[in-house]
Protein chains: 2
Amino acid sequence: MGTTKTEAFTATDLLLAKYAKALAHPARVAILRILLERQSCICGDIVEELPLSQSTVSQHLKELKEAGLIKGDIDGKKVCYCIDEQAWKQAQQMLQVLFSNYTPCGTNCC
Amino acid sequence: MGTTKTEAFTATDLLLAKYAKALAHPARVAILRILLERQSCICGDIVEELPLSQSTVSQHLKELKEAGLIKGDIDGKKVCYCIDEQAWKQAQQMLQVLFSNYTPCGTNCC
DNA sequence: AGTTATTATCGTAACTTTACGATGATAAAC
DNA sequence: GTTTATCATCGTAAAGTTACGATAATAACT
C-alpha cells in the first residue's frame, strides 16, 4: 500500500494532481515566486533567498522540474532556471477550468 | 526531520500550499468534480463513483474538509457534502494571482 | 594539475500519505 | 430494542516526503 491507484483515474485528474502537488509545499511556492519576480531566467542563488539548506532547495527544484513547471539549463558553472511557459499555461488553464466550474448550491442544506 | 519548516514561509504561501495539497491527489480532484457536477449538495454515495474503499474515500473527504475546501453537514443518516464557497473562491483567486504573474522571460537562455 | 564555486546526488532520520479491513458511532426502519 | 444503512475512526503496512550533512560532479580560474 502507500501508493496511489493511478490506473483508477483519468489522465486529466492525474495531470492536474501532479501540478497541484508541485505547488503543495510552501518552499516550492516561494521558489516559483522568485522565478516569477524576474522577467529573465535566474542563475542560481535561489538558496540564498530561502532559509533552507542547499540540498533541500535542490530537491524542491528537482520536483518542480519533474512536474514540468520549471526548466533548468546548464550555463557554464551555474544552472539557469525559469518557468516552463507551456506547462505553466496548461496548469493555469486546467485549474481555472476546475475552479470556474463552481455554481453555489441551490439547496440550503449547508 | 520529515517536517516542513512552517515558520520559514509567509502566511500566503502556507495557505496556497495547503489548498494545492488538497488538490494534489487524483482521488480528491475526482471528488471535487463530483461535487461540482451537481448544483446541490451531494448526500453520500461518492464512494460508489470511485474505485476506492469506503474508508479511503472518507479519509480523502476528511483532508478536503481540513483544507477547508468542502463542508460536510450531518443530515440524518447520511452526510451532506458540498464545496465551501468562501474557501473555493479564495483558492481560485490565490492561484489565479500566482499564475497570471507570469511574463515570458526576455533572455533566450532557456 | 590544483583550487574554488556551484549544483546534484547519496544516505539517512523522522514524519506523512495512501490504502484497506475491522470496528465504532449514529440514526432511520422495522 | 434490534436490525440496517451510512459514515467516521482505528490500526497498520507500504510507500512517499522533507530535511540535512556529506560527498560527487562539473566547469571556471589560477
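Remember, it's a predicted structure, so these values are computed and weren't measured experimentally. Below, chains carry the letters A, B, ... as their sequence lines are ordered, and counting in each starts from 1.
- Residue contacts shown for A:Ile74 are absent, as no nucleic acid heavy atom lies under 4.0 Å away.
- Rounded to an integer number of Å, the gap from A:His60 NE2 to C:dT7 P is 17 Å.
- Between the CZ atom of B:Arg28 and the P atom of C:dT17 there is a distance of 8 Å, rounded to whole Å.
- Taking 4.0 angstrom as the limit, A:Thr3 places none of its side-chain polar atoms (N or O) nearer than this to OP1 or OP2 of C:dT18.
- The shortest side-chain heavy-atom distance between A:Tyr81 and A:Lys65 falls under the 4.5 Å cut-off.
- In this structure, B:Asp45 atom CG and D:dA5 atom P are separated by 15 Å, rounded to whole Å.
- Taking 4.0 angstrom as the limit, B:Ser53 places a side-chain polar atom (N or O) nearer than this to OP1 or OP2 of C:dC20.
- Note on B:His25: a side-chain N or O is less than 4.0 Å away from OP1 or OP2 of C:dA19.
- Shown here is A:Glu48, whose CD atom has no more than 12 heavy atoms of other residues, nucleotides or ligands within 6.0 Å.
- Nearest-nucleotide mapping onto DNA chain C: of A:Lys5 and A:Lys62, the residue sitting toward the 5' end is A:Lys62.
- Taking atom CD of A:Glu63 as the reference point, atom P of C:dA8 lies 13 Å away to the nearest angstrom.
- In summary, the side chains of B:Tyr19 and B:Gln90 do present a donor paired with an acceptor at a separation below 3.5 Å, with no hydrogens or angles considered.
- If you take CG of A:Leu52 and P of C:dT7, they are 16 Å apart, rounded to a whole angstrom.
- OP1 or OP2 of C:dA8 lies within a sub-4.0 Å distance of a side-chain N or O belonging to A:Lys65.
- Taking only distance into account, the side chain of B:Gln59 never meets the base of D:dA8 through a donor-acceptor pair shorter than 3.5 Å.
- Between A:Ser55 and D:dC20 there is no side-chain N or O to OP1 or OP2 distance below 4.0 Å.
- Under 4.0 angstrom from either OP1 or OP2 of C:dT6 there lies no side-chain N or O belonging to A:Tyr81.
- Each of A:Gln54 and B:Val47 was matched to the nucleotide of DNA chain D holding its nearest heavy atom; the match closer to the 5' end belongs to B:Val47.
- Salt bridge A:Glu85/A:Lys89: present, at least one basic N to carboxylate O contact under 4.0 Å.
- Atom C1' of nucleotide C:dT18 and atom CG of B:Leu50 are separated by 14 Å, given to the nearest angstrom.
- When rounded to the nearest whole Å, the span between CD1 of B:Ile31 and P of C:dT18 equals 11 Å.
- In this structure, NZ of A:Lys21 is placed 13 Å from C1' of D:dT18, rounded to the nearest angstrom.
- The 5' end of DNA chain C is approached more closely, in terms of each residue's nearest nucleotide, by B:Gly2 than by the other of A:Thr6 and B:Gly2.
- The closest side-chain donor-acceptor pair between A:Ser58 and A:Ser55, if any, does not fall under 3.5 angstrom.
- Taking 4.0 angstrom as the limit, B:Lys78 places none of its side-chain polar atoms (N or O) nearer than this to OP1 or OP2 of C:dA28.
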